[in-house]
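Working notes, beginning with the structure itself.
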Amino acid sequence: MVDIAFGPEPGKRPDPASASEVYLDMVRRKRMYGGILLVLFLALLASGWMLADQRNAGGFWNGLPQTPDFPAEVLSEAWANRANLPGLLWSYIPSLIETLNIAAVATLIGALMAAGLSLLATRGLARWPRLIPVFRRTMDALRAVPEIVIALVLIFVIGGGPVPAVIAIALHTGGALGKLFSEVAENADLKPVEGLSSVGATWGQKMWLGVIPQVAPNWVSYALLRLEINVRASAILGFVGEGGIGHDLKLAMQWGQGRYDEVVAIFLLLFLAIVAIDRVSDSYRHRLVKGTL
């Protein structure tokens with residue numbers, strides 16, 4: 001009988017003990033390389049931190065002990081005026097609704113954009129395979145630019161308000177969700193698409209009837225997760241004049257002492273809204289993925 005444990009060629013067989021030594025040597029080299037990379041990473045992190053601290057006008061280490069002072073001042077004033085909090089919470093509900101509307105509309109527009117781009121950029125499903133790199137780079141560009149940068153540009157073009165915020169968040173959402181949607185579509189079963197092709201279905205019909213029913217649960221799950229992120233983004237964009245509860249928070253903080261109770265009320269209202277959205281969307285995402293909806 002021919003021993004083929006190490007190949008059918010004749011000759012001396014390797015010693016299993018030496019094979020174990022080779023494996024241990026490989027493990028030691030991997031650990032050594034990993035240690036070197038870790039040291040380099042820590043050195044770069046430390047040098048970057050030192051450079052940032054040197055360029056910081058106030059000095060990070062000098063100001064670090066004073067970090068709790070401002071939150072303590074805000075909370076102490078809000079506690080002294082705690083009787084006003086229920087009324088303040090109620091008064092800022094319209095601004096919160098505007099923020100939620102911005103996030104919801106932007107998420108819907110971005111998700112529709114992402115659905116189209118992802119199908120056009122998915123191998124095996126694309127309408128124009130040669131243009132796949134173009135659509136992929138388009139999604140890369142959309143998610144590479146932060147929402148606040150897009151919003152600042154749009155302010156100079158169309159002025160302030162909720163419209164620039166919706167456009168900025170929708171464009172970034174289209175790029176971010178497009179990447180996720182494309183990865184889900186790549187794992188779709190192509191047998192329904194092939195069956196529809198055999199009866200002469202168009203590309204749109206194949207996507208609508210053969211692909212979207214498979215990927216819809218995961219797509220909706222990702223869109224709900226993105227909705228949570230966009231609520232936070234729409235609140236942040238309020239600081240640059242895009243409306244919503246973020247704009248009210250900016251005004252309250254600019255006034256400083258005397259309106260810190262409004263700051264706490266806005267933070268509390270925004271926190272409660274995000275927690276509620278997180279719990280509801282998490283429940284729906286779980287049911288969608290498990291197929292129990």
Residues in side chain to side chain donor-acceptor pair (under 3.5 Å) contact with [X], at least two apart in sequence or another chain:
| X | answer |
| --- | --- |
| Ser118 | none |
| Glu73 | Gln257 |
| Thr99 | none |
| Tyr92 | Glu262 |

Discussion item. When you group the ILVMFWY residues by side-chain heavy-atom contacts below 4.5 Å and let the links chain together, are Ile229 and Ile277 in the same group?
Written reply: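 They do not share one cluster, since no chain of ILVMFWY contacts under 4.5 Å joins Ile277 to Ile229.
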Discussion item. If hydrophobic clusters are built from ILVMFWY residues whose side chains come within less than 4.5 Å, do Val264 and Ile93 share one?
Written reply: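 Yes.
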Scan the side chains in residues 124-132 for donor-acceptor partners under 3.5 Å anywhere in the protein, sequence neighbours excluded, and list what turns up.
none

Quiz: residues 107-114 side-chain donor-acceptor pairs under 3.5 angstrom, not counting sequence neighbours:
| from | atom 1 | to | atom 2 | distance (Å) |
| --- | --- | --- | --- | --- |
| Thr107 | OG1 | Ala103 | O | 2.6 |
| Thr107 | OG1 | Asn230 | ND2 | 2.7 |

Worksheet item: Remaining members of Ile36's ILVMFWY cluster at a side-chain heavy-atom cut-off under 4.5 Å?
Response: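 Met32, Tyr33, Leu40, listed by chain and number.
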Worksheet item: Residues two or more places apart in sequence or in another chain: which of them pass salt bridge (Lys or Arg N to Asp or Glu O under 4.0 Å) with Lys206?
Response: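 With sequence neighbours excluded, Lys206 shows a salt bridge (Lys or Arg N to Asp or Glu O under 4.0 Å) to no residue whatsoever.
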Discussion item. I'd like to check the salt bridge (Lys or Arg N to Asp or Glu O under 4.0 Å) partners of Arg29; sequence neighbours left out, ordered by chain and number.
Written reply: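 For Arg29, the residues satisfying salt bridge (Lys or Arg N to Asp or Glu O under 4.0 Å) (neighbours in sequence not counted) are Asp25.
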Worksheet item: Any side-chain heavy atom of Asn101 within less than 4.5 Å of one from Ile97?
Response: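 The answer is yes, as the side chains (C-beta and beyond) meet within the 4.5 Å cut-off.
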Item to complete: Provide the closest heavy-atom pair for Asn84 versus Asp261 in the form atom of the first, atom of the second, distance.
Response: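 Answer, listing the atom of Asn84 first, then Asp261: ND2-OD2, 3.8 Å.
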Practice prompt. Would you list the pairs meeting side chain to side chain donor-acceptor pair (under 3.5 Å) in which at least one residue belongs to residues 131-146, sequence neighbours left out?
Written response: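 Of all non-adjacent pairs touching residues 131-146, those that pass side chain to side chain donor-acceptor pair (under 3.5 Å) are Arg136-Glu186, Arg137-Asp140, Asp140-Arg143.
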Practice prompt. Among residues two or more places apart or on two chains, list those pairs meeting ring-ring contact (aromatic ring centres under 6.0 Å, His included) that have a residue in residues 160-210.
Written response: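 ring-ring contact (aromatic ring centres under 6.0 Å, His included) check on residues 160-210 returns Phe181-Trp219.
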Discussion item. Test: salt bridge (Lys or Arg N to Asp or Glu O under 4.0 Å). Region: residues 227-236. Which pairs qualify, not counting sequence neighbours?
Written reply: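 Sorted pair list: Glu228-Arg285.
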